[in-house]
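Worksheet: the structure to be examined is printed underneath.
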Amino acid sequence: MPYQTVNPFNNQLINEYTPHTDQQVEQALAKADALYHSGWAKGDIDQRLPVLHKLADLMESRVEELATIASQEMGKLIAQSRGEVKLCAQIARYYADNAKKFLAPVRYESSLGEAWVEHHPIGVLMAVEPWNFPFYQLMRVLAPNLAAGNPVLVKHAGIVPHCAQAFEQLVAEAGAPQGAYTNLFISQQQVANIIADDRVQGVALTGSEKAGSIVASQAAKALKKSTLELGGNDVFVVLDDSDIARAAKIGAQARLSNAGQVCTAAKRFIVQEKVAEPFLQAFTEHFRAVKIGDPLDETTTLGPLSSREALEGLAKQVDAAVQNGAKLHYGGKPIPHDGNFFEPTILTHISRDNPAYFEEFFGPVAQIYVVKDDDEIVKLANDSHYGLGGAIFSTDIERAKKLASRIETGMVYINSLTDTAPELPFGGVKRSGFGRELSDLGIKEFVNQKLVVVS
Ligand code: NDP
């Protein structure tokens, strides 16, 4: 895929970026590997953490500039882009403040003697990242691994090269030594070559199931650890004792934020029969109220999809869902516009033999399922190849907690949409991937947890 900035609001080409040659890739690998073997990576963590503090400060001082780059490049609403940049600063600061504690030796009681586990970096990592949160996805990998001492090479998505370059420049400006973080405009074959290289010790990917399966196989073939954060088909459960107005408002936000292009977006709304009608009515009103427009316009509430291909793919999925018996309750079509706009859409009556039942819709398309009781909710929620996040709305917290523990996902939020914060682990099960990012768990994914015993 070429590395190009095309504004999704009007499909105008803004800039093209020159791909890196194999020779440049070799230089990047050599620099990263040299850094790994240096005192900077293997020595005291206190040398590395100031880079993260400085990076946090830099991002906070440039929120507007960075947010504008993201909005122009992948269509995120400007207010959401600002939020993403601020969240990145929080993640950098979180690891700057806590990594030392997370990586401190852990003592074990043992009959064999005095024992502890130390945490050491493992080497160069290859990260493959998507466009939907073009800064946050990068920071989730960089911050813990810079603290741990693992140099990171990154292949960002082809449609967000400006974000990729801006982030690399920020990390350098924050004082990271050469090789600590390198952005590469490279092909899939070059990614495969890097993964096979002996100097690389781990692979992290966020993206589609297809990309995850290919890249994780390459890592497995070379016997390297990988973490995968893939798609999701998250449920948003509305129990009959919920605050319906609030559930409808947050549900609409959970489906439409980032034009629906969020792995943890609420995609399947499971509503109890007793409240189905008032919920659907209130929910539809929120969909009706959206204002489509330029993501840089503060009054816009639904931006374009990230690319023309994404729009065409979503339109096909919705058409297929309807051909297979789903009812179009609201929306359902691309909007005639130079940009990649799709109507906010609500589908009902989706049977299990409809392909839509198992598919992830990466856009503003909600599916509504009406159910009788808690057992039916659990059965439907778990009848998915995915297992990323989920939300449950209820005024009976004990009931919601019981349901939460029965849902097969990596995350469940009660009375909130599935969210993210630096201190909370993020990741899934089943075909949503494996491994965790953020929190104390995220920083332990690519470290050597080395046991030392003194007898
Ligand atoms: P992809 O998985 O195709 O892209 C994600 C990243 O993987 C990009 O950097 C892409 O590069 C790269 N990539 C893709 N295939 C390979 C490969 N064989 N080897 C190396 N790198 C590869 O996602 P899409 O952008 O096509 O989005 C499609 C679907 O992916 C969505 O519908 C959604 O299900 C899922 N997705 C999930 C996200 C999440 O947050 N979990 C985020 C984005 C997408 P390039 O751009 O150059 O192709």
Side-chain angles (χ1 to χ4, degrees), residues 1-6 8 17 19-20 25 73-76 84 126-138 140-141 153-161 163-164 183-196 200 203-219 221 226-234 257-265 267 305-318 340 342 358-365 384-389 409-411 418 420 426-428 430-435 437-438:
M1 181 161 187
Y3 287 85
Q4 290 180 335
T5 299
V6 176
Y17 293 75
H20 287 103
V25 171
E73 198 160 45
M74 52 66 66
K76 194 186 299 276
E84 180 178 340
M126 178 74 226
V128 179
E129 299 300 328
W131 43 264
N132 62 341
F133 290 88
F135 293 120
Y136 161 81
Q137 306 279 14
L138 304 181
R140 281 203 312 198
V141 175
L153 303 176
V154 178
K155 182 244 176 287
H156 212 338
I159 63 171
V160 286
C163 292
N183 170 64
L184 294 170
F185 293 138
I186 52 175
S187 67
Q188 296 179 357
Q189 184 54 52
Q190 285 171 306
V191 172
N193 297 345
I194 293 173
I195 293 172
V200 172
V203 181
L205 178 138
T206 296
S208 63
E209 268 181 271
K210 185 176 169 211
S213 167
I214 294 171
V215 167
S217 316
Q218 292 163 353
K221 188 161 179 238
S226 60
T227 57
L228 298 180
E229 204 270 275
L230 309 177
N233 208 1
D234 290 4
S257 177
N258 211 23
Q261 305 163 114
V262 183
C263 49
T264 54
K267 290 166 190 149
L305 295 180
S306 62
S307 67
R308 189 48 79 165
E309 293 71 42
L311 178 71
E312 288 166 0
L314 188 68
K316 271 192 200 144
Q317 272 184 302
V318 172
N340 311 318
F342 197 84
F358 286 108
E359 282 174 4
E360 178 187 30
F361 284 63
F362 219 57
V365 180
S384 171
H385 308 306
Y386 294 107
L388 193 54
T409 60
M411 304 169 274
T418 306
T420 182
F426 192 101
K430 303 205 273 190
R431 292 184 77 83
S432 293
F434 41 77
E437 291 189 292
L438 301 175

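Here the structure is a predicted model, which means the values were calculated and not measured. Read the numbers this way: they start at 1 and go in the same order the structure lists the ligands and their atoms.
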Problem - Donor on one side chain, acceptor on other, Glu309 and Asn340, under 3.5 Å - result: no
Between [X] and ligand 1, is there a nitrogen or oxygen pair with a distance under 3.5 Å?
X      : result
Leu230 : yes
Gly158 : yes
Thr206 : no
Lys155 : yes

Report the nearest protein non-hydrogen atom to [atom]: residue, atom name, distance rounded to 0.1 Å.
atom                    : value
atom 43 (C) of ligand 1 : Pro130 CB, 3.5 Å
atom 8 (C) of ligand 1  : Glu129 O, 3.5 Å
atom 29 (C) of ligand 1 : Ser208 CB, 3.7 Å
atom 15 (N) of ligand 1 : Gln188 NE2, 3.2 Å
atom 48 (O) of ligand 1 : Met1 SD, 3.7 Å

Exercise for the section: Please round to the nearest 0.5 Å and tell me the distance separating atom NZ of Lys155 and atom CD1 of Ile195. Expected result: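 Nearest 0.5 Å value for the NZ-CD1 distance: 11.5 Å.
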Handout entry: Residue-ligand contact Phe133/ligand 1, heavy atom below 4.0 Å
Key = no
Handout entry: Proximity flag Gln261 to ligand 1, non-hydrogen atoms under 4.0 Å
Key =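 The answer is no: ligand 1 sits nowhere under 4.0 Å from a heavy atom of Gln261.
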Practice task
Please list, chain by chain and in numerical order, all residues satisfying side chain to side chain contact (heavy atoms under 4.5 Å, CB included) with Leu230, sequence neighbours excluded.
Solution key: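 By the side chain to side chain contact (heavy atoms under 4.5 Å, CB included) rule, Leu230 matches Leu205, Leu228.
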